Undergrad: 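Sharing a structure below in structure tokens format, with a few things to ask.
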Amino acid sequence: MTNKIKHIAVLTSGGDSPGMNAAIRAVSRACAFHEIKCTGVYRGYQGLIEGDFKELGPRTVKNLINRGGTFLKSARSKAFMTREGRNQAFEHLKNNSIDALVVIGGDGTFKGAEVFGNEFQFPIVGVPGTIDNDIRGTDHTIGYDTALNTVVEAIDKIRDTANSHNRLFLVEVMGRNAGDIALNAGIGAGAEEILIPEENLGKERLLESLKRSRKSGKTSSIIVVAEGDQIGKNIFELADYIDTNLDSYEVKVTVLGHIQRGGSPSCYDRVLASRLGIGAVDALINQHKAVMVGIAHKKIVNVPFEQALAGSNDIDTDLLRVADITSI
Ligand SMILES: Nc1ncnc2c1ncn2[C@@H]1O[C@H](COP(=O)(O)OP(=O)(O)O)[C@@H](O)[C@H]1O
Ligand SMILES: O=P(O)(O)OC[C@H]1O[C@](O)(COP(=O)(O)O)[C@@H](O)[C@@H]1O
Ligand SMILES: [Mg+2]
């Protein structure tokens, strides 16, 4: 076959997520399987600009499947947003005879890949790795399931103390512009209210709802707030507002922060990462470019970057209903 891919580079970019290591491992081993040379790029696009490369063989990636973070490290690269930076990146790829690139990251990473791929006609395939699950065309992104489990475990602990003290806890979770973590972990942890960017509840309605649940006999409450939510953006201001207008509870705030991004990946994320890593190499061998490899209805799919980037997945209205009914 003409244009046979002989050398693939792989990088991780944007916010790290549990399972990225498993995805790198799968890419490296799929390359070994198909007798394709594999190079790891350190620190995402920044390492591409600096030529910070390391050859990856099947044994280089041993003992990684269970490890959180990314051993190739990740970065948010300002220089890659410039044409000059991207020119440098292309020179390094050319000088190292690299034919194609696998980028593991989120929406920003795919945007960068789309821009770069168009500018230099360079084949790039994306693997969705972000805890936010804010990519279209794939049911799940790598790291999301692990993050959900971390959040639920943390909220279970908060529930113990909330209940012992008759307190209302506002728990802030990640998800820059997406409510997936808040909604699913909120249901899983039995939250009374879930505030997400996709749906603006309004402070007054939140207060009314809390008053109703207090009246119905609840003695403590957990509200899960996505960091990008309209009324929860400043969670401490929201806590003051509730404290001032609802005297039945003592209000406390917990910001879960970056613990949500760490830890050993769940089995689901390990399997997903393994499938998508292999899918990315398959896609390149089959001459695909500018696509993300995703999973839809249990099957591997190739989704053009343009579609993957068409806003985050719509929020599942059925889940909103489940949250409403189970918290009555
Ligand atoms: N429009 C763009 N042009 C070029 N590079 C971009 C663009 N958008 C994002 N990138 C690159 O992708 C990197 C990762 O994006 P970011 O939004 O930080 O994370 P994520 O991929 O997890 O969403 C950015 O730091 C930048 O280097
Ligand atoms: O660690 P940083 O750079 O402060 O970024 C925090 C952001 O990264 C995330 O954890 C993941 O987002 P991305 O996958 O888009 O990088 C968001 O949920 C959060 O808002
Ligand atoms: Mg993102």
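Just so you know, ligand 1 is whichever comes first in the structure, and atom 1 is the first atom listed for that ligand. Here the structure is a predicted model, which means the values were calculated and not measured.
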Undergrad: Within the 4.0 Å heavy-atom shell around Y45, which atoms of ligand 1 are there?
TA: 11 (C), 12 (O), 27 (O)
Undergrad: Looking at F120, is R86 sitting on its ring face, NZ or CZ under 6.0 Å from the six-membered ring centre and within 45 degrees of the normal?
TA: no
Undergrad: Would you check whether R76 has a nitrogen or oxygen atom less than 3.5 angstrom from a nitrogen or oxygen atom of ligand 2?
TA: yes
Undergrad: Nearest protein heavy-atom contact for atom 9 (C) of ligand 2: which residue, which atom, what distance?
TA: R261 NH1, 3.4 Å
Undergrad: Would you mind listing which atoms of ligand 2 come within a distance below 4.0 Å of any non-hydrogen atom of E227?
TA: 17 (C), 18 (O), 19 (C), 20 (O)
Undergrad: Would you say L207 and Y241 make side-chain contact, with heavy atoms under 4.5 Å?
TA: yes
Undergrad: With a 4.5 Å cut-off on side-chain heavy-atom distances among I, L, V, M, F, W and Y, is there a chain of contacts connecting V171 to V251?
TA: no
Undergrad: How far is atom 1 (O) of ligand 2 from the closest protein heavy atom, and which atom is that?
TA: H258 NE2, 2.7 Å
Undergrad: Relative to atom 26 (C) of ligand 1, which among S17, S77, S13 owns the nearest non-hydrogen atom?
TA: S77
Undergrad: Please state which protein non-hydrogen atom is closest to atom 6 (C) of ligand 1 and give its distance, to 0.1 Å?
TA: M81 SD, 3.2 Å
Undergrad: With a cut-off of 2.8 Å, does D107 put an N/O/S atom close enough to the Mg ion (ligand 3)?
TA: yes
Undergrad: Under a 4.0 Å threshold between the charged nitrogen and the carboxylate oxygen, would R261 count as salt-bridged to D16?
TA: yes
Undergrad: Judged on heavy-atom distance to atom 22 (O) of ligand 1, which of G112, G15, G129, G44 sits nearest?
TA: G15
Undergrad: Geometry only, no angles: is G14 polar-contacting ligand 2 at N/O separations under 3.5 Å?
TA: no
Undergrad: Tell me whether G129 has any N or O atom under 3.5 angstrom from an N or O of ligand 2.
TA: no
Undergrad: Report the member of V115, D134, T130 with the shortest heavy-atom distance to atom 3 (N) of ligand 1.
TA: V115
Undergrad: Are any of the heavy atoms in D107 under 4.0 Å away from ligand 1?
TA: yes
Undergrad: Which word best sums up how the rings of H92 and F53 line up, parallel for under 30°, tilted for 30 to 60°, or perpendicular for over 60°?
TA: perpendicular
